Visitor: 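Handing you a structure now.
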Amino acid sequence: LGLLGLGLPALRPSARAQAAGRPKRLITFFTPHGAPAEFFWPSDPSVLSSSHILEPLAAFRSQLNVIRGLDYIGSNNHVAIKDVLTNQSGKSLDNVVADHLADQAPVRALHLGVVPDYSHSFTVDGQLSFDPSPVAHEADPVKAFDELFGTPTTPGDPAADQAAQVQAALRQRVVGFTRDEVAALADRLVDVPSEAGKLQAHFDALAQLGTTAPSQPSVDCGAVSLPSVEGLRARNADPWAHENFPDLMDAQIDIAAAAVRCGMTRVVSLQMMHVNSQLSFAFAGVPRGHHDASHSSPGSTGRMDHANCQRFMAEKLARLLTALDVPDPEDPEHTVLDNSAVLWCSEIGDGQEHTCIAVPTVIAGSAGGVFKTGQLVQLAGRSHSGLLISLSNAMGLGLSEFGPNSTGSLQEIEV
Amino acid sequence: MRQHALSLYAVLLLALPLSAACSGNDATPQQPTAPGAMGDNAAGAGPDVVGAGGASSGGTAGTSALGGGSSLPTNQGGAATTECATAAVGNRTLRRLTALELDNSLKDIFQLPSWAGMELTPDEVNDLGFGNGAAQLVVTAGRGREILSGAESLVASVDWPTLLGRFPECAPAGGSPACANSVLSGLGKRLFRRPLSQAELDSYAALFAELEPQSTFLDALRWTTVALIQSPHTLYRSELGIAASGSLTTGYALDGYEIATALAYTYGGTAPSDELLAAAERGELSEATTRVGWAQQLQALPSGRAQFDQFLQGWLRYQDVRNLAKSATVFPEFSAVQALMAEETRAFVEQIVFDAHGTTADLLTSPTTVVGDALAQYYGFPAVGAAMVSTPRPTGRGIGLLAQGALLSKLALPDSSSPTQRGAFVRRKLLCQELPPPPANVAAVPEFRDGVTTRQRYEELHTADPGCSACHQLTDQIGFAFEHYDGAGRYRDMESGQAINAQGKLIGKDLTFDGQEQAALAIAQLPEVESCAVLHWVSFASGLPRSPSSCLATQLLQSVGANAPLENALTGYASVPHFTQRN
């Protein structure tokens with residue numbers, strides 16, 4: 001394992017072997033615009049509730065790493081959204097890990113967004129995940145839910161099982177037919193490299209479609225019912241409407257937790273808003289748009305407004321952690337949360353300055369015993385490549401670098 | 001054009017380090033910029049500026065460097081100053097249908113107008129903000145999965161007995177290979193927008209014959225239809241052409257079916273009709289005048305108007321007004337009219353362009369708008385009746401596009417106007433200039449204080465602090481002219497107990513103006529306004545980014561002539577060489 005390769009003496013063989021065997025999950029939880037420093041970092045490092053923003057996470061204090069001093073070197077301002085999970089490497093953490101864990105779950109990775117861009121758009125302001133082309137986050141929880149849980153198989157009904165198998169075989173054949181068509185068209189375009197490249201990507205995409213289904217472990221999530229999703233469905237809520245933000249957030253979080261709990265996926269990227277978003281946080285008592293609030297100077301009322309916005313985000317993160325804090329069906333001795341790494345991240349540090357210095361970073365869960373927890377880590381300015389390396393390796397990879405300025409993993413959080 | 005754009009950028013970048021303490025509070029949605037330029041910016045305003053301090057105290061950083069602030073850009077680049085050495089013809093390409101184009105096509109072809117559609121995830125926008133860029137429209141694994149499941153949902157919605165009834169070969173009930181083949185051939189021609197080759201017909205017949213024994217006649221037909229729908233020949237508009245012959249000595253000429261396809265999607269957003277395909281088959285579309293005639297005909301249909309609106313939405317993003325969240329205490333009446341404002345702008349532009357045959361300048365200076373009583377009351381206009389109609393604005397209450405409530409509200413903050421966003425809109429969307437994104441290490445616009453106007457607050461931070469003015473005078477000085485319109489698009493004479501000062505200027509063009517109407521009249525006279533509108537149209541129509549669209553736009557503008565009705569450029573695009581040729 002990569003952890004060995006990095007020569008971490010603290011990891012005892014028994015703990016390592018045990019950690020390696022546990023089912024791992026990675027969840028990233030992105031919120032834009034950083035946080036006002038004086039309201040984010042606990043004033044008393046031993047008391048989480050001394051942070052106005054982090055207080056809602058107090059119940060999970062023993063399972064957190066609050067990491068101060070990570071910089072996105074060479075990145076700046078909101079456009080750094082593209083660097084948060086890539087560190088300028090071109091491919092983001094979620095997809096790197098998803099590739100590695102691809103054979104462990106039917107759904108390689110789940111990308112769920114909450115008003116993740118301007119209405120019905122996909123601009124640079126909403127591009128967080130790269131594979132290496134930008135991966136859009138699904139904005140509609142109802143659609144995401146239906147795709148994941150909407151067609152429950154009825155185990156025990158042989159006729160239905162057989163019919164489903166026939167349909168799956170037909171689908172498989174049709175995808176293969178299309179793949180051949182794409183390949184034949186690409187053959188005619190060898191002298192037009194850009195278009196041949198498009199078709200190659202199309203071909204690869206169909207290959208994923210065509211091969212994943214049969215070779216993947218099938219998962220029985222049972223009859224999943226999420227009131228937060230059904231509430232949106234019942235009122236036909238617009239997933240791009242700002243006023244639906246809190247409900248959309250609840251629904252996407254609940255879907256992510258349900259999919260992770262039942263083994264539907266190992267990797268989830270949750271993207272709350274997009275950078276430069278002026279989403280109104282009136283529901284959190286903030287009478288202005290989010291980006292507007294983030295620009296407030298220390299001491300101004302806007303500063304507290306931004307803190308209240310981010311505290312709202314922490315409350316929602318607590319909802320996610322609560323939903324994961326249940327015995328792991330695949331490893332009942334531990335909770336799903338303990339077997340996970342849930343990364344709360346942003347694109348800038350202090351919202352007011354818009355630089356990528358000391359970006360607010362929180363990890364919940366020990367990634368199956370790999371991370372120390374219950375600590376506030378103070379770093380004297382360090383590239384966040386170490387964070388991405390540690391998270392990758394906690395999921396079983398053996399990386400020694402993740403983009404430029406890599407100086408090894410973040411040993412301060414590793415057991 | 002490329003050189004010109006880069007040199008403009010270099011000039012703007014010179015100003016950047018000066019503005020280390022400048023506010024980005026007003027950041028408009030950033031459009032993608034040239035990667036090189038973005039990198040330069042990151043380097044120029046990197047983390048080291050934090051050490052310079054000053055931001056948290058309101059921003060006096062970088063005062064020592066301010067001497068350079070006088071070297072402001074004076075020659076702003078528009079789209080017209082393009083030098084295109086060779087004939088403006090693009091490269092061979094495949095253009096994946098957009099989500100909307102795919103849905104429209106399938107609804108038409110399968111006669112399922114109320115089908116929910118595939119609901120594809122939005123695609124990445126190009127550098128001019130359009131979601132139909134050919135380079136961005138690819139089939140990722142996620143999109144491939146959506147298309148497959150969408151195709152399955154569609155074939156499950158089709159009333160197959162009725163559909164089969166359209167084919168004489170299917171008259172004897174029960175289904176036969178001849179029936180299946182005629183259905184596949186017929187659907188295939190509409191989906192591929194050309195007759196299938198014999199090899200393709202054989203291939204689909206073989207697929208059907210392979211699937212039928214594993215299921216039923218109908219099931220096999222459904223799945224073979226899924227294969228047709230997700231075929232690359234359906235998903236991609238072919239603009240590949242055939243190698244030069246005859247009058248062309250180099251390059252490729254699009255065939256009649258490819259031209260029919262381009263006409264149908266550019267001017268109708270959907271697949272070509274049987275009639276248009278028949279015209280292609282007869283070879284009629286090689287004539288430019290015939291193509292323009294089709295373009296006019298298609299654009300006049302409801303689907304053509306809807307397609308034009310897609311262009312408007314990408315260019316102006318006026319529909320953003322529907323989702324704006326304004327302060328309920330400052331603008332309590334806004335939420336009741338925001339959807340109406342979107343409709344107002346759509347109808348206004350359509351009225352100027354198609355009913356009044358207006359020019360781009362008319363778009364900016366028309367004394368009319370389109371309102372019904374609800375909006376009229378909101379704006380303080382006289383009653384006009386419940387239905388939305390084109391009507392003159394009251395004297396002194398603005399002119400043209402830049403007086404539209406949808407834009408004035410969108411280019412604003414939740415509780416106030418935004419001179420920065422309004423000025424940036426003029427430069428980016430009307431003059432096609434590229435502005436750098438806001439720098440890091442920014443300070444906030446001072447908060448509301450009694451007795452202080454928005455203009456004063458902006459001047460306090462941006463203008464009074466020369467570190468900010470380097471960038472912000474380019475935008476704010478234009479935006480100040482719109483200060484008679486509050487953050488929700490309503491006219492005002494006073495703010496915070498003071499008379500509005502709406503004097504503004506367009507730096508680099510030596511234009512000064514007092515108020516929205518003078519500003520609109522002055523801006524409308526700039527040749528860049530027309531070339532910029534045409535550039536946006538060409539980018540939308542061609543699926544190409546700013547470069548090389550600018551060369552195609554120059555050529556189009558030359559062919560239709562300056563100050564021509566905008567609709568001439570819209571349909572005239574069907575006559576430019578790029579419409580039928582490729583390199």
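No hydrogens, no waters, no symmetry mates; every other heavy atom, side chains included, goes into these values. Order of the sequence lines fixes the chain letters, A, B, ..., with proteins taken first and strands second; residue numbering starts at 1 for each chain. All of these numbers come straight from a predicted model, not from anything done at the bench.
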Visitor: Please classify the contact between Gln127(A) and chain B as side chain, backbone, both or neither, with a heavy-atom cut-off of under 4.5 Å.
Guide: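 The answer is the side chain of Gln127(A).
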Visitor: Without swapping roles, check the side chain of Thr265(A) against the backbone of Val107(A) for a donor-acceptor pair under 3.5 Å.
Guide: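 Checked: pair present.
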Visitor: Under a 4.0 Å N-O cut-off, is there an ion pair linking Glu239(B) with Arg237(B)?
Guide: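 Salt bridge present between Glu239(B) and Arg237(B).
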Visitor: With a 4.5 angstrom heavy-atom cut-off, could you sort out which part of Leu189(A) is near chain B: side chain, backbone, both or neither?
Guide: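 For Leu189(A), the side chain is the part near chain B, not the backbone.
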Visitor: Go through the atoms of Glu119(B) and report whether side chain, backbone, both or neither lie under 4.5 Å from a heavy atom of chain A.
Guide: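 For Glu119(B), backbone and side chain are both near chain A.
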Visitor: Using a strict threshold of under 4.0 Å (side-chain N to carboxylate O), is an ion pair present between Arg233(A) and Asp140(A)?
Guide: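 Not counted as a salt bridge, because no side-chain N and carboxylate O are separated by less than 4.0 Å.
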Visitor: Check each atom of Glu210(B) against the heavy atoms of chain A and say whether the ones under 4.5 Å are side chain, backbone, both or neither.
Guide: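 Just its side chain gets close to chain A.
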Visitor: Using non-hydrogen atoms only, which part of Thr329(B) is less than 4.5 Å away from chain A: side chain, backbone, both, or neither?
Guide: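 The answer is neither part of Thr329(B).
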Visitor: So which of Leu137(B), Leu240(B), Asn91(B) has the largest heavy-atom pair count under 4.5 angstrom toward chain A?
Guide: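 Looking at each option in turn, the highest pair count goes to Leu240(B).
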Visitor: Apply side-chain contact (heavy atoms from CB on, under 4.5 Å) to Leu128(A) and list each qualifying residue two or more places apart in sequence or on a separate chain.
Guide: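 In terms of side-chain contact (heavy atoms from CB on, under 4.5 Å), with neighbours along the sequence ignored, Leu128(A) is linked to Phe30(A), Ile81(A), Val84(A), Leu85(A), His137(A), Ser269(A), Gln271(A).
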Visitor: Please give me the minimum heavy-atom distance between Asp94(A) and Ser129(A), naming the atom from each residue.
Guide: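 Closest heavy-atom pair between Asp94(A) and Ser129(A): OD2-OG, 2.7 Å.
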Visitor: Taking side chain as everything from C-beta outward and backbone as N, CA, C, O, which of these in Ser277(A) sits under 4.5 Å from a heavy atom of chain B? Side chain, backbone, both or neither.
Guide: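 Neither part; nothing is under 4.5 Å.
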Visitor: What part of Asp83(A) gets within 4.5 angstrom of chain B, counting heavy atoms only: side chain, backbone, both, or neither?
Guide: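 Nothing of Asp83(A), per the 4.5 Å heavy-atom cut-off to chain B.
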Visitor: To the closest 0.5 Å, what do you measure between CZ (Arg222(B)) and CG (Leu211(B))?
Guide: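 Answer for the CZ-CG pair, Arg222(B) versus Leu211(B), is 13.0 Å.
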Visitor: Output a table of donor-acceptor pairs, distance under 3.5 Å, between side-chain atoms of residues 194-202 of chain A and any protein atom two or more places apart or on a different chain; print 'none' if there are none.
Guide:
{"residue": "Glu195(A)", "atom": "OE1", "partner": "Lys198(A)", "partner atom": "NZ", "Å": "2.8"}
{"residue": "Glu195(A)", "atom": "OE1", "partner": "Thr93(B)", "partner atom": "OG1", "Å": "3.0"}
{"residue": "Glu195(A)", "atom": "OE1", "partner": "Leu94(B)", "partner atom": "N", "Å": "2.6"}
{"residue": "Lys198(A)", "atom": "NZ", "partner": "Leu94(B)", "partner atom": "O", "Å": "2.6"}
{"residue": "Lys198(A)", "atom": "NZ", "partner": "Ala134(B)", "partner atom": "O", "Å": "3.0"}
{"residue": "Gln200(A)", "atom": "NE2", "partner": "Asp204(A)", "partner atom": "OD1", "Å": "3.1"}
{"residue": "His202(A)", "atom": "ND1", "partner": "Tyr236(B)", "partner atom": "OH", "Å": "2.8"}

Visitor: Counting only non-hydrogen atoms closer than 4.5 Å, does Glu181(A) touch chain B with its backbone (N, CA, C, O), its side chain (CB onward), both, or neither?
Guide: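 When you check distances to chain B, atoms from both the backbone and side chain of Glu181(A) fall under 4.5 Å.
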Visitor: Please report whether the ring centroid of His33(A) lies less than 6.0 Å from that of His295(A).
Guide: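 Not under 6.0 Å, so no.
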Visitor: Using non-hydrogen atoms only, which part of Ser215(B) is less than 4.5 Å away from chain A: side chain, backbone, both, or neither?
Guide: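 It is the side chain, since no backbone atom gets that close.
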Visitor: Taking only heavy atoms into account, what residues of residues 225-233 of chain B are found under 4.5 Å from chain A?
Guide: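 Contacts with chain A: Val226(B), Ala227(B), Gln230(B), Ser231(B), Pro232(B), His233(B).
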Visitor: Which atom names give the shortest non-hydrogen contact between Ala136(A) and His111(A), and what distance separates them?
Guide: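 Answer, listing the atom of Ala136(A) first, then His111(A): O-CB, 3.8 Å.
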Visitor: Regarding Ser119(A) and Asn323(B), is there a side-chain donor-to-acceptor distance under 3.5 Å anywhere?
Guide: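 Short answer, yes.
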Visitor: Report the relative orientation of the aromatic rings in Tyr204(B) and Phe177(A); use parallel for angles under 30°, tilted for 30 to 60°, perpendicular for over 60°.
Guide: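 The rings of Tyr204(B) and Phe177(A) stand perpendicular, inter-plane angle above 60°.
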Visitor: Asp219(B) versus chain A, heavy atoms under 4.5 Å apart: side chain, backbone, both or neither?
Guide: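 Contact with chain A involves the side chain of Asp219(B) alone.
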Visitor: Using a strict threshold of under 4.0 Å (side-chain N to carboxylate O), is an ion pair present between Asp131(A) and Arg108(A)?
Guide: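 Asp131(A) and Arg108(A): salt-bridged.
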Visitor: Have Asp415(B) and Ser327(B) got a donor and an acceptor in their side chains that come within less than 3.5 Å?
Guide: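 Absent: no donor and acceptor within the cut-off.
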Visitor: At a heavy-atom separation under 4.5 Å, does Ala282(A) approach chain B through its side chain, its backbone, both, or neither?
Guide: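 Neither the backbone nor the side chain of Ala282(A) comes within 4.5 Å of chain B.
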Visitor: Quick one: what part of Asp123(B) sits under 4.5 Å from any heavy atom of chain A, side chain, backbone, both or neither?
Guide: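 Backbone of Asp123(B) only, per the 4.5 Å heavy-atom cut-off to chain A.
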Visitor: Looking at Arg173(A), Arg171(A), His242(A), which has the largest count of heavy-atom pairs under 4.5 Å with chain B?
Guide: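 Counting heavy-atom pairs under 4.5 Å, the top option is Arg171(A).
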Visitor: Please determine, among His274(A), Arg288(A), Lys143(A), His120(A), the option with the most heavy-atom pairs under 4.5 Å with chain B.
Guide: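 When all of His274(A), Arg288(A), Lys143(A), His120(A) are compared, Lys143(A) has the most.
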Visitor: For Gln319(B), is it the side chain, the backbone, both or neither that has a heavy atom under 4.5 Å from a heavy atom of chain A?
Guide: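 Neither part.
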Visitor: So which atom in Ala412(B) and which in Gln421(B) form the shortest heavy-atom distance, rounded to 0.1 Å?
Guide: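 For Ala412(B) and Gln421(B), the tightest heavy-atom pair comes out as N-OE1, 3.5 Å.
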Visitor: Tyr318(B): what forms a ring pair (Phe, Tyr, Trp, His ring centres under 6.0 Å) with it, not counting sequence neighbours?
Guide: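 Once residues adjacent in sequence are excluded, Tyr318(B) has no partner under the ring pair (Phe, Tyr, Trp, His ring centres under 6.0 Å) criterion.
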Visitor: For Pro414(B), is it the side chain, the backbone, both, or neither that has a heavy atom closer than 4.5 Å to a heavy atom of chain A?
Guide: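 Only the side chain of Pro414(B) comes within 4.5 Å of chain A.
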Visitor: With a 4.5 angstrom heavy-atom cut-off, could you sort out which part of Val192(A) is near chain B: side chain, backbone, both or neither?
Guide: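 The side chain, not the backbone.
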Visitor: Identify which part of Val166(A) has an atom lying under 4.5 Å from any heavy atom of chain B, answering side chain, backbone, both or neither.
Guide: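 Interface part for Val166(A): side chain.
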Visitor: Would you find a donor on one side and an acceptor on the other, under 3.5 Å apart, between the side chain of Arg96(B) and the backbone of Leu235(B)?
Guide: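 Not confirmed, Arg96(B) side chain does not pair with Leu235(B) backbone.
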Visitor: Please determine, among Val138(B), Thr121(B), Leu207(B), the option with the most heavy-atom pairs under 4.5 Å with chain A.
Guide: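 Maximum pair count with chain A is reached by Leu207(B).
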